[in-house]
Amino acid sequence: MKLVFALSSYFAALVASAKESNTTRSLGAEDWTVTNEHGNITVPGNFPSQVHLDLYAAQVIDDPYHGQNDLNLRWIAAQNWTYTSKPILGLTKDRGTSAWLVFDGLDTYSTIKLCDQIVGTTDNQFKQWYFDVTSVLTGCQSEPVLSINFGAVPAIIDKLNASGIETWPPEVVYPFEYPNRQWVRKEQSDFGWDWGPAFVPTGPWRDGRIVQLEDGEAYSINTNIDIYRKGQMNNLAPDQNQPWVVNASLDYIGNLPEQAFLHAVITDAEEKSKILYSGKLENVTRSNTSITGLVVIDGDKPQLWWPNGRGKQPLYSITVSVSGCGAAKHALMSQRRVGFRTILLSTGNVTDEQIARGYQPGNNWHFQINGHEFYAKGANMIPPDAFWPRVTNERMSRLFDSVEAQNFNMLRIWSSGAYLPDFIYDLADERGILLWSEFEFSDSLYPDYPDFVQSVTDELSYNIRRINHHPSLACWAGGNEFENLLLPTAQAVDPDRYPYYLGQYEHLFITVMFTILAENSRSISYTPSSANNGWTKIDFSMPVPMVERYNNKTKGDLYSNTDYYNYDSSVSFDSKKYPIGRFAVEFGFTSMPSLATWKEVLDPDDLHFNSTTITLRNHHYPPGGLETNLTMGARGLAEMTLAVERYYPTPNKDDSVANFSSWCHATQLFQADFYKSQIQFYRRGSAMPERQMGSLFWQLNDIWQAPTWAALEYSGRWKALPYVTRHIYKNVIAAPYFDHTSGDLEFWVTSDLWESVSGHLSFSWVNLKGKPIADNAGMPKTVSFTVPAINSTSVLKTNTADVRLPDEKDAILFMSLRADAHLPNNESTTRFTHNEYFLPVWPKDAKFSDPGLKLSKDTATGGFVVEATKGVSLYTWLTHPEEVLGFFDDNLFVLLPGEKKHVGFKLQQGVKSGNDWMNKVTVESLWDLTTRN
């Protein structure tokens with residue numbers, strides 16, 4: 001105990017000393033103005049911020065998201081803007097004191113002046129920038145003023161494109177709206193995408209500070225903590241019996257003493273008195289900008305971090321410090337929160353052992369956590385806002401509530417948004433959500449000239465090191481859709497130059513990127529492209545250290561992960577059209593947001609399905625340039641309309657706004673059912689030769705209020721889809737598979753547990769008044785099943801011709817699953833349940849009637865009670881009022897007449913006091929789509 005106390009006191013002294021000797025001034029504490037290049041607009045500014053936000057705060061512009069402002073506000077991106085501070089008081093100009101400007105993010109092209117002298121320029125949104133301004137500050141004759149001039153990005157990249165440094169076929173540079181985005185290291189979706197606007201924001205989008213150091217002091221600007229099993233290498237399965245290696249590296253500005261010692265204390269993040277390690281680090285190496293050391297820890301000492309649904313998420317706090325000769329003033333210190341886990345993205349060749357177990361030969365594509373394969377369940381996450389400074393911890397915490405509630409264990413952080421801030425990874429660490437992370441490149445071939453490569457190298461080094469300590473980090477991918485889309489397109493349209501394009505791609509996305517990752521982390525796997533066919537060999541002695549398979553396939557073998565977008569809704573529920581692969585990384589169909597979300601940004605006159613504003617905000621299909629294009633938006637709306645008409649009763653209400661609301665809801669019903677059909681299919685593939693091991697649908701969230709593929713609307717409001725995904729991403733599910741052409745009907749049970757599960761599946765046929773069908777329509781009432789670990793089992797096969805239904809349009813099948821499994825650390829068995837239903841006809845053809853729904857408050861639980869009194873209630877839907885945010889614990893369910901269902905609600909935001917909002921909750925069903933009022 002004396003040793004623990006002494007070490008704690010030592011580090012407390014270092015922290016206190018560091019706080020006393022380092023002068024760190026947040027730039028957010030200064031007063032700022034923002035001025036355009038013409039000098040006719042000057043408004044108060046914030047730091048961090050972006051120009052649109054400051055103009056909106058000053059009421060110079062309307063809400064950027066209102067109406068057609070994504071088109072009307074293009075003049076902002078076309079101008080240069082300057083952020084200028086008021087005189088910064090209290091800085092020391094003493095000789096012997098160094099001064100630095102440190103920026104965590106400047107968006108994007110900027111010229112920085114201090115005391116009216118240029119101290120630096122920037123050209124990469126994703127880099128951390130720092131400048132030694134000692135001499136400038138020392139010679140400043142008055143209190144210093146800092147200014148940052150941001151250049152107009154569209155004009156600059158147009159000039160870069162015109163310079164002719166490199167050229168590509170136009171087919172491999174997707175111009176969603178603004179052209180030439182491939183030249184700039186800026187959020188690519190800022191230039192428009194098929195789900196988002198093209199504001200091209202600019203400004204100091206992340207924090208910045210002024211750091212002043214005395215002689216011999218240093219300041220940590222970045223920290224890399226790499227935790228891996230001894231001997232572990234990227235992309236290869238580690239030995240789980242090996243001890244842990246904790247490698248700590250601090251990047252710094254300033255100076256370290258000639259004789260420097262590197263120390264670490266690792267404690268339980270919650271109970272600091274529980275010390276895992278305390279002492280010096282070994283194998284210390286240093287340069288002018290970083291110092292690195294490591295310690296080996298017994299493999300059994302740390303508790304393992306597991307993803308959601310697979311175990312707990314124990315976290316540790318690691319404090320790393322540098323000191324010299326016992327002089328506390330030389331302290332350099334950094335603290336991070338970490339977890340102990342191994343995570344592998346396995347995309348190498350299928351082994352003989354796997355083939356013997358029934359795998360189709362080819363390449364793997366699955367994840368392993370702590371040596372265990374697991375089924376990945378989740379979605380693709382896009383930027384939550386076009387303006388990152390207004391993305392708050394509170395807002396993201398609500399999003400992760402929704403992620404957990406849907407039984408996810410993984411999100412793919414899509415490129416090309418922005419590298420996520422640490423607080424989002426912190427939330428993922430706490431919630432057990434793995435984040436498949438990508439470098440910010442998508443849907444274009446990219447330059448490969450030296451200056452661009454150097455910028456990318458700096459960008460990746462900074463972000464890999466910054467993010468690496470998070471246990472939620474699942475992998476890194478080079479970018480999006482290169483090998484399944486862009487390279488094949490380049491080969492088709494320009495075969496003579498294709499070897500050049502391929503060499504350019506491999507240099508940037510394999511040689512450069514994979515090497516940078518391997519230099520900074522041994523714990524994380526890499527794939528050059530989100531969709532590809534895996535690799536055949538990894539060898540860092542080769543010029544291209546990863547040999548990609550591309551199309552070098554063996555007939556009959558299986559290699560790739562898959563994406564699937566088919567907007568011909570006539571085949572949406574034909575599972576023979578779904579791709580067979582190892583992992584479904586993208587799939588989806590668009591839907592409209594709810595009326596409540598539309599009302600946030602649309603004028604009343606725009607609240608109808610084909611209004612001009614809604615059509616223009618529908619970027620599926622994207623306009624393809626800066627010209628207003630109603631034709632492309634109307635095409636996407638027509639696809640949604642036709643999908644509803646094919647399968648669901650079409651709304652036809654007298655009130656136009658109510659009719660619009662019902663149409664929006666109907667598009668969400670189609671989307672939810674389509675995704676449900678696919679996810680069930682992909683999960684069943686875990687039992688097939690493809691050994692399908694993951695499904696991440698497109699997409700989780702919205703960047704604004706518009707028709708998109710999102711499950712969550714911009715504010716976080718749930719569409720119909722999340723209520724389906726939380727249902728079918730349970731550990732054990734029952735699913736019907738119906739071939740509408742042949743009438744073949746199969747029932748499967750799927751489990752993603754690591755243990756075998758056994759139980760019973762019950763069947764009950766009733767008509768749509770809720771009356772049992774005689775002899776259960778000839779089907780058994782109960783069947784037994786056993787499902788092996790991460791697998792599926794067929795429990796019943798039949799044909800609708802053999803199901804004795806008096807009227808198939810007046811029938812519904814209810815399924816009820818009960819299963820037990822012996823889980824680790826549980827003395828008794830664990831019960832799993834799942835309820836499902838099957839309609840033998842499309843919903844629009846079913847003879848449903850008014851179910852006579854009743855809704856009441858459940859005062860005991862703070863929830864609600866829903867009852868059907870007249871008939872079966874299909875697609876029962878509860879709606880909460882606009883003023884609250886949250887979600888129900890169940891929705892979009894089926895009710896039998898006389899059945900009372902208790903439904904809870906997770907209230908996230910919007911209520912200051914009382915429960916008056918509960919009186920505004922409403923309930924409806926499929927029947928209500930057909931009513932005229």
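With sequence neighbours excluded, no residue forms a salt bridge (Lys or Arg N to Asp or Glu O under 4.0 Å) with Glu548. Considering only residues two or more places apart in sequence or on other chains, Tyr578 meets the side-chain hydrogen bond (donor to acceptor under 3.5 Å, both in side chains) condition with Ser677.
Between Phe340 and Trp244, the ring center distance clears the sub-6.0 Å criterion. Centroid-to-centroid, the aromatic rings of Phe191 and Phe176 stay 6.0 Å apart or farther.
A salt bridge links Asp422 with Arg466: at least one charged nitrogen is closer than 4.0 Å to a carboxylate oxygen. Using a 4.0 Å cut-off between charged nitrogen and carboxylate oxygen, Asp104 and Lys127 do not count as a salt-bridge pair. Between Glu440 and Lys186 there is no salt bridge, since no side-chain nitrogen of the basic residue lies less than 4.0 Å from a carboxylate oxygen of the acidic one. A salt bridge does not link Glu690 to Arg582: none of the charged nitrogens lies less than 4.0 Å from a carboxylate oxygen.
Considering Thr347, Asn533, Asn363 as possible partners of Arg549, the one that fulfils the side chain to side chain donor-acceptor pair (under 3.5 Å) test is Asn363. The residue from Tyr505, Phe509, Tyr419 that alone fulfils the ring-ring contact (aromatic ring centres under 6.0 Å, His included) condition with Phe441 is Phe509. Checked against Asn468 for a side chain to side chain donor-acceptor pair (under 3.5 Å), the options Asn247, Asn520, Asp226 give a single hit: Asp226.
Between Phe587 and Tyr675, the ring planes are tilted. Angles from 30° to 60° get that label. Ring geometry for Trp698 against Trp195 counts as tilted: the plane angle lies between 30° and 60°, on a 0 to 90° scale. Tyr565 and Tyr567 have parallel rings, their planes meeting at less than 30° on a 0 to 90° scale where 60° marks the start of perpendicular. Ring pair Trp365/Trp436 is tilted by interplanar angle, where 30° to 60° counts as tilted.
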Please evaluate residues His372 and Trp754 with respect to the criterion ring-ring contact (aromatic ring centres under 6.0 Å, His included), reporting the C-alpha separation (whole Å), side-chain torsions for both, the decisive distance (0.1 Å), and the verdict. CA-CA 9 Å; His372 297 271; Trp754 284 332; 4.7 Å; yes
Evaluation steps, side chain to side chain contact (heavy atoms under 4.5 Å, CB included), between Ile157 and Tyr178: CA-CA 10 Å; Ile157 59 178; Tyr178 282 91; 5.6 Å; no
As a quick check of understanding, evaluate side chain to side chain contact (heavy atoms under 4.5 Å, CB included) for Gln699 and Phe697, giving each step before the final call. CA-CA 6 Å; Gln699 63 200 58; Phe697 66 79; 5.9 Å; no
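In terms of heavy-atom proximity, Ser416 sits nearest to Tyr446 at OG-OH, 4.3 Å. Considering every non-hydrogen atom in both Asn161 and Gln182, the closest pair reads OD1-NE2, 3.9 Å. Ser249 and Arg465 get closest at one heavy-atom pair: OG-NH2, 2.5 Å. The minimum heavy-atom distance between Gln504 and Trp168, with the atom names listed, is OE1-NE1, 3.1 Å.
The distance from atom CG of Leu700 to atom CZ of Arg412, rounded to the nearest 0.5 Å, is 13.0 Å. For the atom pair OG1 (Thr489) and OH (Tyr498), the distance works out to 10.0 Å, reported to the nearest 0.5 Å. The distance from the OG atom of Ser523 to the CG atom of Asn234 is 7.5 Å, given to the nearest 0.5 Å.
Considering only heavy atoms from C-beta on, Ser792 stays 4.5 Å or farther from Arg683 through its side chain.
Screening residues 487-508 for salt bridge (charged side-chain N to carboxylate O under 4.0 Å, His left out), with sequence neighbours left out, gives no hits.
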